[in-house]
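The structure displayed is predicted, hence computed values, not measured ones. Every chain is numbered from 1 and lettered A, B, ... according to where its sequence line falls, protein lines coming before strand lines.
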Amino acid sequence: MNINEIQDLIKFVAKAGVNEVEIEKKEFKIVIKSDYMAKKKTNFKEEPTIVQQQIPVGNIAAQPVAAAPAPVQEAAPAAPAAPPAAEKEEDNSNLITVKAQMIGTFYRSPGPDKDPFVEVGSTIKAGDKLCIIEAMKLFNEIESEVSGKIVKVLAEDQSPIEFDQPLFLVDPS
Amino acid sequence: MNNQYFGSHIIQIDRVSSTNNYAAKLLNQTKIPFGAVIMAQFQDDGRGQRGAVWQSKSGENLLFSSILEGSLMKGSPPFYLSKCVAISIKDTLSYFVKQKIHLKWPNDVLVERQKIAGVLIENQWKGNNLFSSIIGVGLNVNQTHFEYGFDATSMKLLSDKDYDLKEVLQVFCTKLNLNFNKLLSKEYSDLQQDYLSSLYKYNEKTHFKIGDKLEEVVLRDVNENGIVSLEMSSGNIQEYDLSQARQLI
């Protein structure tokens with residue numbers, strides 16, 4: 001992907017009014033975030049900052065119309081916006097965020113009186129169950145795609161979650 | 001896909017913790033093909049939704065799980081699987097008993113306002129890919145006595161006849177294959193019409209608990225994601241999901 005294509009992509013993302021776009025190919029990965037989101041996570045390792053990360057996701061999802069104009073303005077000077085986005089990617093490249101692929105209710109355990117699937121510090125391998133997301137009585141068991149260690153649990157047990165909301169931070173081994 | 005996807009293999013076991021758990025275990029060990037049905041005489045730890053217990057006397061009811069290959073659901077709204085299973089239970093019951101079968105939003109099966117079946121669908125995701133769906137069904141067939149004052153009924157209570165469990169299962173598999181083929185060929189409007197026409201209190205006044213409040217509303221629609229549209233007493237239409245609203249029988 002050349003710089004022009006990246007600029008076009010950023011303009012496109014800004015127009016679409018989304019917060020974050022992630023494209024991953026074989027030897028290439030780009031993450032574009034609006035400034036609004038980027039400001040919230042200047043330091044990925046600082047715990048309180050990470051927690052706040054979910055708040056804008058929820059707010060914006062609830063008011064897509066109101067939130068849309070902001071990123072368009074901010075992303076208009078497309079070229080300068082690109083380097084920070086790339087830097088961000090390096091910052092958190094050692095941690096992987098597992099996100100919700102659907103709206104629903106987040107459960108950390110297989111049943112009300114059962115132990116959580118994972119805790120902070122748990123060592124996980126690909127294929128291990130991380131959580132259940134219930135949507136309309138469909139119980140979705142989410143398996144990890146990566147091996148590593150759970151660094152942080154970002155959503156509260158039994159709480160409603162939005163699409164793409166960060167759920168876990170994993171330090172891949 | 002052939003017409004006999006569900007029920008191509010039937011595995012019978014006497015006693016198991018839960019057929020859904022057993023199905024998941026066999027699937028993990030790749031000891032079972034997709035579409036297979038596991039039928040148990042008795043479940044020690046029969047589960048409903050999140051900790052709800054599914055009670056059944058040994059050998060009297062149909063308890064089974066089937067496994068669907070997740071990729072077959074690609075492009076279809078996930079809730080259609082739920083609709084499909086509920087419709088198939090309704091079709092199975094209609095084959096054997098005369099009473100009108102109702103589906104209660106989102107996927108309960110009622111006869112004469114009593115519960116006759118339970119469904120537990122568990123989807124296994126590998127990252128963003130749906131790997132499999134395990135469909136667990138408990139259907140009250142020959143049980144006539146229910147403990148703990150469960151407001152439940154059975155095929156035998158409705159018709160005063162005993163039924164062969166395997167025969168009931170065969171009919172269910174036939175109905176599920178029929179309905180699932182509609183889902184695969186994206187004939188959603190057929191399924192939707194079938195679902196709505198059996199929906200308890202469809203286009204009628206009914207009571208919903210919305211938050212803490214009891215409201216009299218008219219049930220107008222259930223969309224492809226299972227969201228219900230209610231006409232409020234003000235005349236406005238409001239949409240709710242299951243975490244926000246529940247219908248009372």
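Contacts between A:Glu145 and chain B at a heavy-atom distance below 4.5 Å involve the side chain alone, from C-beta outward. Contacts of B:Pro78 with chain A are made by both backbone and side-chain atoms, with heavy-atom separations under 4.5 Å.
Proximity of the aromatic rings of B:Phe64 and B:Phe172 is defined here by a centroid distance below 6.0 angstrom, and this criterion is met.
The side chain to side chain donor-acceptor pair (under 3.5 Å) test applied to B:Ser65 returns B:Thr19, B:Asn20, not counting sequence neighbours.
For the side-chain contact (heavy atoms from CB on, under 4.5 Å) criterion with B:Gln247, the lone passing option out of B:Leu242, B:Leu219, B:Leu230 is B:Leu219.
B:Thr206 and B:Tyr200 share no side-chain donor-acceptor pair at under 3.5 Å.
Classified by interplanar angle (parallel below 30°, tilted 30° to 60°, perpendicular above 60°), the ring pair A:Tyr107/A:Phe139 is parallel.
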Could you pull out every donor-acceptor pair under 3.5 Å between side chains of residues 130-139 of chain B and any protein atom, sequence neighbours left out?
unit_1: B:Ser132; atom_1: OG; unit_2: B:Gln124; atom_2: OE1; d: 2.7
unit_1: B:Ser133; atom_1: OG; unit_2: B:Asn123; atom_2: OD1; d: 2.6

Acceptor/donor pairs from residues 22-40 of chain B side chains to any protein atom, 3.5 angstrom cut, sequence neighbours excluded:
unit_1: B:Gln29; atom_1: OE1; unit_2: B:Lys31; atom_2: NZ; d: 3.4

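The contact list for residues 121-130 of chain A toward chain B, using heavy atoms and a distance under 4.5 Å, is empty.
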